[in-house]
S.K.: 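Once you've had a glance at the structure underneath, I'll fire off some questions.
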Amino acid sequence: LGSQSIREARVFPFAKPQESDALNDLVRKKSNFKDFSFLIIQEKEKRILIKPGDWIIEKPLIVPNEFVLVASENTKLTLKDDGVIITKGPIDFQGSIDSPIIISAIGSGQGIAVLNTKRKSNIDYVHFNNLSNPVSNLWSLTGALTFYNSPVSISNCIFSYINAEDSINIVKSKFSLKQSQIIKSKSDSVDIDFS
């Protein structure tokens, strides 16, 4: 108050959305799990297994609702560039105290969303590091790890340096969250809506 200086800044408006933009978000894209060489597809059992190892996901991994995405010990996933996991089926990530699953993001890598599955996801001994919320065109979520209308059990997990409005966002879902740590989140650690 009382300053005599005048400051100005250029304003860059958002580009006008095209009509087709609303139909091109990640939720409407076709599943593409067959594009990833580190996945083992068990058609009969309706399971997609992530091979143990160190893998980089540089584009969206989209899993349809009839499959379960499975990961186990000695697995490290790095989400990079446009890397994000969107699944309409449950996830079953089972690490161990000596060999937790590690899921991290670098650069513009994002997070994980489990959407509209009636089957329960199980996450045990997983370390989530530096994830951010999924964003695509006009569509985005607030949680780095989101369960929407999808039951989940989370135990023995660590969430560190999460760069999202919510480290964990659970919406319209039954859940349990046990013996887990949330360290240095940017904003809300856990956001529970209608659950």
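Along the sequence shown, residues are numbered consecutively beginning with 1.
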S.K.: Could you check whether any side-chain N or O of E73 sits under 3.5 Å from a backbone N or O of Q94, counting only pairs where one atom can act as donor and the other as acceptor?
M.R.: no

S.K.: Can you establish whether the number of heavy atoms outside K59 located under 6.0 Å from its atom NZ is more than 12?
M.R.: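 Counting neighbours around NZ of K59, more than 12 heavy atoms of other residues, nucleotides or ligands fall under 6.0 Å, so yes.
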
S.K.: State whether the number of non-hydrogen atoms from other residues, nucleotides or ligands found under 6.0 Å of K88 atom NZ is greater than 12.
M.R.: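 Yes, NZ of K88 has more than 12 neighbouring heavy atoms, counting only those of other groups under 6.0 Å.
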
S.K.: Decide whether N122 and D92 meet the rule of one side-chain donor and one side-chain acceptor closer than 3.5 Å.
M.R.: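 On atom types as modelled, these side chains do not qualify, holding no pair under 3.5 Å.
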
S.K.: Can you confirm whether K46 is buried at NZ, in the sense that more than 12 heavy atoms of other residues, nucleotides or ligands lie under 6.0 Å from that atom?
M.R.: yes

S.K.: Which word best sums up how the rings of F67 and F33 line up, parallel for under 30°, tilted for 30 to 60°, or perpendicular for over 60°?
M.R.: tilted

S.K.: Side chain to side chain contact (heavy atoms under 4.5 Å, CB included) for I85 and L79? Distances and angles first, verdict last.
M.R.: CA-CA 9 Å; I85 299 172; L79 304 173; 4.2 Å; yes

S.K.: Pair N130, N163 - check side chain to side chain donor-acceptor pair (under 3.5 Å), show working.
M.R.: CA-CA 6 Å; N130 203 41; N163 189 27; 6.0 Å; no

S.K.: Tell me whether Y161 at atom OH has more than 12 heavy atoms from other residues, nucleotides or ligands lying less than 6.0 Å away.
M.R.: no

S.K.: Check the pair T142 / D166 against side chain to side chain donor-acceptor pair (under 3.5 Å), numbers first and verdict last.
M.R.: CA-CA 6 Å; T142 59; D166 312 314; 2.6 Å; yes

S.K.: Answer yes when E43 and K34 have at least one side-chain N-carboxylate O distance shorter than 4.0 Å, and no when they do not.
M.R.: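 Yes.
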
S.K.: Got a sec: does the CD1 of I40 have more than 12 other heavy atoms crowding it under 6.0 Å?
M.R.: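 Count over threshold, so yes.
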
S.K.: Can N65 and T117 be counted as having a side-chain donor-acceptor contact under 3.5 angstrom?
M.R.: no

